[in-house]
Protein chains: 2
Amino acid sequence: MNYIKKRRLFTPGPTPLLAEAYFDGFLNPMHHRKEEFKSLFINTQKALQEVFKTRNDLLLLSSSGSGAMEAALTNLLMPGDRAVIGVAGKFGERWVELAQTFGAQATVVEVPYGESVDPFAIGEALERTPQAAAVFVQATETSTGAAIDLESLGRIVARHKETVLVVDAITGIGTMPIETDAWGLDIVIGGSQKAFMAPPGVAMISVSEKAWARIESCKRPRYYFNLAGERKKQKAGESAFTPAVSVIQALNTSLTFILKQGIDNVVANAALQAGVMRAALASWSMALFPRSSGNAITAFRTPEGVDPAKVIAVMRDRFGAHIIGGQGSMKGKILRISHMGYCDFLETLGLIGCLELALLEAGAPIRLGSGTAAALEYYRSNTGSDH
Amino acid sequence: MNYIKKRRLFTPGPTPLLAEAYFDGFLNPMHHRKEEFKSLFINTQKALQEVFKTRNDLLLLSSSGSGAMEAALTNLLMPGDRAVIGVAGKFGERWVELAQTFGAQATVVEVPYGESVDPFAIGEALERTPQAAAVFVQATETSTGAAIDLESLGRIVARHKETVLVVDAITGIGTMPIETDAWGLDIVIGGSQKAFMAPPGVAMISVSEKAWARIESCKRPRYYFNLAGERKKQKAGESAFTPAVSVIQALNTSLTFILKQGIDNVVANAALQAGVMRAALASWSMALFPRSSGNAITAFRTPEGVDPAKVIAVMRDRFGAHIIGGQGSMKGKILRISHMGYCDFLETLGLIGCLELALLEAGAPIRLGSGTAAALEYYRSNTGSDH
């Protein structure tokens with residue numbers, strides 16, 4: 001029989017779209033040099049400041065998150081400049097690739113996939129790296145789900161007056177508490193297609209005064225990713241180049257939803273889905289892959305002899321549920337499921353049930369219903385009556 | 001915490017919309033007297049004939065299903081004409097109300113809510129009702145979910161050359177096998193907002209030659225619901241009055257989806273959701289309410305002391321899942337969940353999990369996870385590997 005299968009993304013970006021956001025650009029086409037778009041643009045920046053918990057400048061770049069990563073590095077570092085990079089997976093490796101590409105000298109603090117970079121190890125690396133212009137880390141490493149202790153890291157880097165702390169929070173913002181100003185995070189990067197419930201195409205980057213001072217003294221040639229140039233334009237509600245208008249409109253609408261919901265509630269929602277998913281994992285005796293996992297992603301190893309690719313295929317073909325495997329050195333070894341953005345409990349429960357059937361079919365010893373029972377108990381124990 | 005709750009209808013119409021169908025009228029506005037709409041209209045009728053498994057005329061009425069019920073009765077029966085009506089719930093009672101309103105003499109074959117009308121009881125009533133012009137029944141009684149044996153009924157009524165068999169299949173079509181021509185169902189009525197995955201606003205009615213003969217001899221005054229007038233117009237792709245253009249466009253698109261999926265697969269999909277839901281019910285020791293239940297709706301009594309209204313409120317407020325209570329004499333006594341149309345397994349599983357929490361909170365003795373375990377076992381035992 002050919003049963004109905006609704007298409008659902010449980011992937012770590014793109015994530016499920018907030019429909020009213022998606023259609024806003026379509027229903028209200030705008031030209032990017034007109035007043036109505038300028039005011040929407042400024043409104044979007046203000047809403048993002050609330051989400052990032054910052055009074056720093058908040059710029060929008062029409063690029064993927066990786067574009068904003070390049071912008072941060074090339075605006076801060078001249079060839080030969082020193083930096084410390086925390087690496088816990090594929091996106092940490094991307095910081096290293098960027099440093100190599102643009103001729104910066106990196107002291108790399110690397111941990112195996114699945115572990116978290118220790119803020120104190122970064123502190124030690126800073127001692128060994130005189131005049132480090134910047135520290136680059138991931139809030140959560142998308143390839144494994146591991147989270148870093150940003151609050152401690154902020155305190156440590158703040159002691160170095162010349163060192164700018166750059167946080168790739170692309171999967172972190174909206175899934176874990178991030179206090180940009182209170183924790184001294186100089187540059188924080190996000191992406192529209194993660195917890196923001198919008199399509200891909202726009203990155204956001206907050207920049208502190210400490211970071212601006214460094215950026216202004218850095219004379220590397222730059223054109224598209226010129227943050228100082230964008231700063232001037234964007235204060236007036238414009239951008240230097242044609243922005244991804246419809247994505248920004250979508251982002252603006254989803255930010256209205258997010259702020260109405262409350263950013264702390266959006267984080268709590270990701271934490272609920274992650275908690276529920278992990279309660280199921282534990283009931284299957286499958287270990288959560290990263291030791292210190294954020295809420296953005298649940299990554300886990302399948303049992304010996306169970307091919308993740310088979311599980312992914314069954315989930316897709318039989319249930320319409322799109323999950324994803326490992327990246328980098330974890331390719332073919334783990335499964336990853338996103339809890340970012342517009343997710344809810346009912347579909348997480350449905351996902352867990354389908355996953356039991358898929359894991360069983362791929363050879364895992366699963367008692368059907370055990371994961372859901374654990375998930376429901378988790379929900380009962382961890383949500384008050386005020387939900 | 002204010003968790004994200006996606007709004008989901010598990011109600012017996014309106015049902016979940018097929019998004020691409022919903023937007024078709026918006027994306028391609030049409031005027032109803034132009035050629036492009038005429039050809040879409042004729043195409044819609046043809047697709048409906050495939051779904052209804054009939055070569056009879058298939059007319060579209062811009063009304064709810066009740067409008068088509070009135071059209072059937074008023075086009076067939078003059079004041080004083082006799083008819084037999086099967087009543088198993090609120091919509092059977094509607095046939096009786098229509099007969100009373102329009103002065104027909106009805107022999108009523110009534111069973112308590114939750115039971116099904118026996119085709120042989122209808123046959124006996126026909127013997128007691130000389131010159132009965134028509135028999136009126138529900139394929140599935142929406143208020144209870146009870147289904148009738150249409151194949152047997154068709155065989156019985158066919159023996160009466162002057163009696164037209166009228167089937168309200170509003171919740172039956174697309175959820176149970178219905179062979180309009182093979183079973184001799186003279187008039188079959190459907191509604192856009194049920195298994196057709198489209199918004200409310202359009203009813204469809206198939207009319208056999210036997211029914212047309214009766215309609216042509218029936219001289220009751222009629223204006224909006226004039227089936228013979230519609231027949232003439234609709235053969236040319238028009239309707240007598242302004243049709244619900246956007247709903248018909250949505251219906252046309254969802255019919256493309258339904259026929260691509262295969263009508264038998266759409267029925268099997270409803271049967272899967274119903275089977276899965278009922279396996280959960282059985283694991284909770286809650287009895288399915290109607291003895292002979294179709295796949296359209298699962299209706300069940302909550303245990304002693306468990307208020308259905310409380311369960312409905314928790315499902316809505318905490319999980320965004322809209323289910324519904326009883327109608328007619330079952331008001332406040334049962335819960336009803338729809339499996340019509342654009343439903344899938346993942347969300348039925350999620351619904352079952354949420355329902356366990358809601359039932360538990362309302363005081364039912366539920367072991368969390370038991371329903372999902374039963375649902376997953378049902379899926380495994382009842383679906384082949386060719387899904």
Side-chain angles (χ1 to χ4, degrees), chain A residues 1-6 8 16 19 23 27 197 257 260-262 264-273 283 315 317-321 341-354 356-357 360-361 366-377 379-380 383-387, chain B residues 1-6 8 16 19 23 26-27 197 257 260-262 264-266 268-273 283 315 317-321 341-354 356-357 360-361 366-377 379-380 383-387:
Chain A
M1 285 297 166
N2 180 19
Y3 298 117
I4 291 173
K5 297 170 279 280
K6 301 189 184 182
R8 292 188 176 89
F23 285 102
L27 296 176
M197 314 173 185
F257 174 85
K260 191 177 163 208
Q261 193 81 10
D264 295 345
N265 283 322
V266 170
V267 170
N269 186 66
L272 173 66
Q273 313 313 322
S283 81
M315 290 300 282
D317 298 339
R318 190 154 323 151
F319 305 119
Y342 195 54
C343 305
D344 78 350
F345 178 63
L346 190 147
E347 74 192 357
T348 303
L349 274 186
L351 174 74
I352 289 168
C354 292
E356 287 198 345
L357 288 166
L360 189 66
E361 182 156 332
I366 293 261
R367 187 166 55 78
L368 290 180
S370 53
T372 303
L376 293 171
E377 290 294 354
Y379 181 93
R380 250 192 119 199
T383 60
S385 56
D386 59 334
H387 28 222
Chain B
M1 285 298 166
N2 180 17
Y3 298 117
I4 291 172
K5 297 171 279 283
K6 301 189 184 182
R8 293 188 176 89
F23 285 102
F26 176 68
L27 296 176
M197 315 175 184
F257 174 86
K260 191 177 164 207
Q261 193 80 12
D264 295 345
N265 283 322
V266 170
N269 186 68
L272 173 66
Q273 313 314 320
S283 81
M315 290 299 282
D317 299 340
R318 190 155 324 151
F319 305 119
Y342 195 53
C343 304
D344 78 349
F345 178 64
L346 190 147
E347 72 192 358
T348 302
L349 274 186
L351 174 74
I352 289 168
C354 291
E356 288 199 346
L357 288 166
L360 189 65
E361 182 156 332
I366 292 263
R367 188 167 53 79
L368 290 180
S370 53
T372 304
L376 293 171
E377 290 294 355
Y379 181 93
R380 249 191 120 200
T383 61
S385 56
D386 60 334
H387 28 222

Task: Between A/Cys354, A/Ser370, A/Ala375, the one whose heavy-atom pairs under 4.5 Å with chain B are most numerous - done: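 Ranked by heavy-atom pairs under 4.5 Å with chain B, first place is A/Cys354.
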Distance from [X] atom [atom1] to [Y] atom [atom2], nearest 0.5 Å?
X: A/Thr383; Y: B/Met1; atom1: OG1; atom2: CE; answer: 11.0 Å
X: A/Leu376; Y: B/Leu360; atom1: CG; atom2: CG; answer: 9.5 Å
X: B/Phe319; Y: A/Tyr379; atom1: CZ; atom2: OH; answer: 4.0 Å

Open item on the list: Less than 6.0 angstrom separating the ring centers of A/Phe23 and B/Phe26, yes or no?
Closed with: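 For A/Phe23 and B/Phe26, the ring centres are not under 6.0 Å apart.
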Distance-only donor-acceptor hits, side chain of residues 343-353 of chain B, under 3.5 Å, sequence neighbours excluded:
residue: B/Asp344; atom: OD1; partner: A/Arg8; partner atom: NH1; Å: 3.3
residue: B/Asp344; atom: OD1; partner: A/Arg8; partner atom: NH2; Å: 3.4
residue: B/Asp344; atom: OD1; partner: B/Glu347; partner atom: N; Å: 3.3
residue: B/Asp344; atom: OD2; partner: A/Lys6; partner atom: N; Å: 2.9
residue: B/Asp344; atom: OD2; partner: A/Arg8; partner atom: NH1; Å: 2.9
residue: B/Glu347; atom: OE1; partner: A/Lys6; partner atom: NZ; Å: 3.4
residue: B/Glu347; atom: OE1; partner: A/Arg8; partner atom: NH2; Å: 3.1
residue: B/Glu347; atom: OE2; partner: A/Lys6; partner atom: NZ; Å: 2.8
residue: B/Glu347; atom: OE2; partner: B/Asp344; partner atom: N; Å: 3.4
residue: B/Thr348; atom: OG1; partner: B/Gln273; partner atom: OE1; Å: 2.6
residue: B/Thr348; atom: OG1; partner: B/Asp344; partner atom: O; Å: 3.0

Open item on the list: With a 4.5 angstrom heavy-atom cut-off, is it the side chain or the backbone of A/Leu357 that approaches chain B, or both, or neither?
Closed with: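 Side chain only.
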TODO: Tell me, for A/Leu27 versus chain B, whether the close heavy atoms (under 4.5 Å) come from the side chain, the backbone, both or neither.
DONE: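 The answer is the side chain of A/Leu27.
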Open item on the list: Please check: side-chain N/O of B/Asn265 versus main-chain N/O of A/Asn2, any donor-acceptor pairing under 3.5 Å?
Closed with: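 Checked: pair present.
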Open item on the list: Between B/Glu377 and chain A, with a heavy-atom cut-off of 4.5 Å, which part of the residue counts as in contact: side chain, backbone, both or neither?
Closed with: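 Both parts, heavy atoms under 4.5 Å.
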Open item on the list: List the residues meeting side chain to side chain contact (heavy atoms under 4.5 Å, CB included) with A/Phe257, not counting sequence neighbours, and say none if there are none.
Closed with: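 Result, side chain to side chain contact (heavy atoms under 4.5 Å, CB included) vs A/Phe257: A/Leu18, A/Met197, A/Gln261, A/Tyr342, B/Ile4.
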